[in-house]
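Have a look at the structure below before the remarks.
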2 protein chains.
Amino acid sequence: MVSTARTRVTLKDIAAHAGVSRSTVSLVMQESELVAGATRKRVQEAAVALGYVYNRGAATLRSSRTATVGVVVHDIANPFFGALMAGIDETLQAADYIPFLASSGDSLDRQARFLARMREHRVDALLLCPAEETPASSIEAIADWGMPCIEVMRHVGQSPLGDYVGADLRAGVINAVRHLVTQGHRRITLLAGIADHSADRERLAGYRHAMHEAGLDELASVDRGPLTRCAGRERALALLRGDTAPTALICHNDLVALGALLALSHLGLHAGRDCAVIGVDDIEEAALAEPALSSIATHPRAIGRNAAELAIQRIAHPEGERQRIVLEAPLVIRASSRISSAVTQEST
Amino acid sequence: MVSTARTRVTLKDIAAHAGVSRSTVSLVMQESELVAGATRKRVQEAAVALGYVYNRGAATLRSSRTATVGVVVHDIANPFFGALMAGIDETLQAADYIPFLASSGDSLDRQARFLARMREHRVDALLLCPAEETPASSIEAIADWGMPCIEVMRHVGQSPLGDYVGADLRAGVINAVRHLVTQGHRRITLLAGIADHSADRERLAGYRHAMHEAGLDELASVDRGPLTRCAGRERALALLRGDTAPTALICHNDLVALGALLALSHLGLHAGRDCAVIGVDDIEEAALAEPALSSIATHPRAIGRNAAELAIQRIAHPEGERQRIVLEAPLVIRASSRISSAVTQEST
DNA sequence: CGACACTTTTGGATCGATCCAAAAACGGGG
DNA sequence: CCCCGTTTTTGGATCGATCCAAAAGTGTCG
């Protein structure tokens, strides 16, 4: 309708229209308490009347706050990260921040390029699921740039350097092993990933701890391989056909576990009765699989929310004490790990 | 290591260090051809030596290009949009653009707020899967702002107003019906969504067209309801228990179709033999379901790539002719829609 | 050697907000 | 009516790049 490419409306125009100075208008835009009520109202009306659009770029130049946050995940196509991102987005929107998103594909190079861009764009904070093999020096570098960084789900080094939000996978796996042991299982195999990152180490630590606790050290066995659904199927097939076939599988994530379920039904075995299967993440699909899949629930959405909240807090208090938020990862027991799979009730 | 909060390095510092003017340094940063090779090299070295970080905000203020793009989807937790986003991200990264992301949750209000933010941030273009009931005026308003906007997957109004990238769902559904008809099916029900948006209308149009073509107008039946996996199960159960139970179901998306498969196995029926099921999207899970699910493949990643490419092109040529890219949505036939489900081969 | 075309470089103005120190307006008491 | 402490408002400087028209440098040729 309008679309006459007239020159853009600026604070100066509003000032003229409302009969005040640029500075006053600026204060109104910043919702400052300094401005008298009547003046504020007049300015706001002028802004609406002229169709003013706040120019965040110009504001940033002077004030160096951008109201943006950078988010890096490995693979946004993975439903887990989709849910994580949903939690982040939800929380940021409520606080009027906007996320930049990039998928690193676990490539250090792509991650580095994106981080450089984020620096140029001067994001107020960074939410980072570090790519595999990210060196600690990268995280330190980000801190040196003066950019708050929250590590999410994974952290580099043995323990997080700065702020961290993740799930208690160690405890989750311990619970899983205990649950299996009370069901009489002894040959319990962990289907892990290939890469060596913190989230992987935590699972392993929980597994070793619980197997030791149950006096099953000698029977502990860790299978390493890729983490897709197909790979899960193949890996499970190979294990189950071996001469010392396990009676229970704890899988790195639900995709692998769902693959394992396929392997079992392919072999004519009944998950839960013939071989127990437990996954990690408790994605939506888990509850609806046949049989329903037991899983260690990592609640990605909640993790996302917490991470975003922590970021907002860190922006406000850059020097505040570093936080390490570890959310519980409860075991959700379903038919795939119960000998008597009569009723499919879920535990909380 | 460094972290002494010394004043930031600017073009002026580089200019002094390299013995040239600010303007020359600026030209080098813009990779302009005007600068002599030797000078360029000297400037670049000075930039590295001083640890310069390009300030995109300052550049934007003057040049009004931000190297950012806004992306709105309904629900980033939905794997379909995860894959779409992956394609977008991939293409944008290659062209050195960075995406802002927001999930509208199909809420007009949240969508509007995000669009306002995008305007303040002066994104170079917008990729928009419009929320349900988005009025055409919103799209026109965006155009009036001088912001290129690509509608993705859905479009408002009867036909897209401007640039559009989507899948040919109409043809996909027509193929699905034809395939079912040649298998002898006559009672073919379409499980649609509740909302009335373009992607829904296209499916319906294809369905009606193909049913008419097969002389099955009277048997055409459309079931409307929610689009989750659980809802799919319930809806399929209700239909199959009815007195005129369909022998084939075409589902709005794969989640609904997978729910329908659950319903069949719950009733002791065999998908493919007793009742055919076809989904839409061909998500990863479809091929691995039991039995494998036939699906109309919408290739979200490819759509994302195309949309991002079109956005980049539109930024370069704002007044170029509007494009309507409709990608083929081929029917992938698997066991769930074959009477003789002996071999599970896939068609292309 | 000077005119001319072409390549490189340059300084000043500019984009549109925020910051800050100081000025103006206000209000109540003496 | 003036003084003084508060509350509001203000102008100029500033953030760090780009744009532009003009100046400086280079090379060629008659």
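In what follows, chains carry the letters A, B, and so on, assigned in the order in which the sequence lines appear, proteins first and then strands, with residues in each chain numbered from 1.
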Choose from [options] the nucleotide whose nearest atom is closest to any side-chain atom of [X].
| X | options | answer |
| --- | --- | --- |
| A/Ser23 | C/dA17, D/dT10, D/dT9 | D/dT10 |
| B/Arg8 | C/dT10, D/dG16, C/dG16 | D/dG16 |
| B/Thr10 | D/dT9, C/dA17, D/dG16 | D/dG16 |

Worksheet item: 5'-most contact on DNA chain C: B/Gly37 or A/Tyr52, nearest heavy atom basis?
Response: B/Gly37

Item to complete: Between B/Ala58 and B/Leu27, name the one whose nearest nucleotide on DNA chain C is closer to the 5' end.
Response: B/Leu27

Using a 4.0 Å heavy-atom cut-off across all strands, classify [X] as base, sugar-phosphate, or nothing.
| X | answer |
| --- | --- |
| A/Thr60 | nothing |
| A/Ser63 | sugar-phosphate |
| A/Thr39 | sugar-phosphate |

Discussion item. Testing B/Arg110, B/Arg117, B/Arg113 one by one against A/Gln93 for a side chain to side chain donor-acceptor pair (under 3.5 Å), which residue passes?
Written reply: B/Arg110

Item to complete: Give a yes/no answer on whether the side chain of B/Arg22 brings an N or O atom under 4.0 Å of OP1 or OP2 in C/dG11.
Response: no

Practice prompt. May I ask you to evaluate whether B/Gln30 reaches the phosphate of D/dA17, defined as a side-chain N or O under 4.0 Å from OP1 or OP2?
Written response: no

Worksheet item: Do the side chain of A/Arg62 and the base of D/dG16 come within less than 3.5 angstrom through a donor-acceptor pair of N or O atoms?
Response: no

Worksheet item: With no angle test and no hydrogens, is the base of D/dG11 tied to the side chain of A/Ser21 by a donor-acceptor pair under 3.5 Å?
Response: no

Between [atom2] of [N] and [atom1] of [X], the distance in whole Å:
| X | N | atom1 | atom2 | result |
| --- | --- | --- | --- | --- |
| B/Asn55 | D/dT14 | CG | C1' | 13 Å |
| B/Arg122 | C/dC15 | CZ | C1' | 10 Å |
| B/Leu11 | D/dA17 | CG | C1' | 6 Å |
| A/Arg65 | C/dC19 | CZ | P | 10 Å |
| B/His121 | C/dG16 | NE2 | C1' | 15 Å |
| A/Tyr54 | C/dG16 | OH | P | 14 Å |
| B/Glu33 | C/dT9 | CD | P | 13 Å |
| B/Leu61 | C/dA13 | CG | P | 17 Å |

Worksheet item: Short question: side chain of B/Asp124, backbone of B/Val69 - any donor-acceptor pair under 3.5 Å?
Response: no

Worksheet item: Salt bridge or not for A/Arg305 and A/Glu309, using N-O below 4.0 Å?
Response: no

Worksheet item: Should A/Arg8 and A/Asp13 count as an ion pair when the cut-off is N to O under 4.0 Å?
Response: no

Discussion item. Parallel, tilted or perpendicular, judged at 30° and 60°: which one describes the rings of B/Phe81 and B/His74?
Written reply: perpendicular

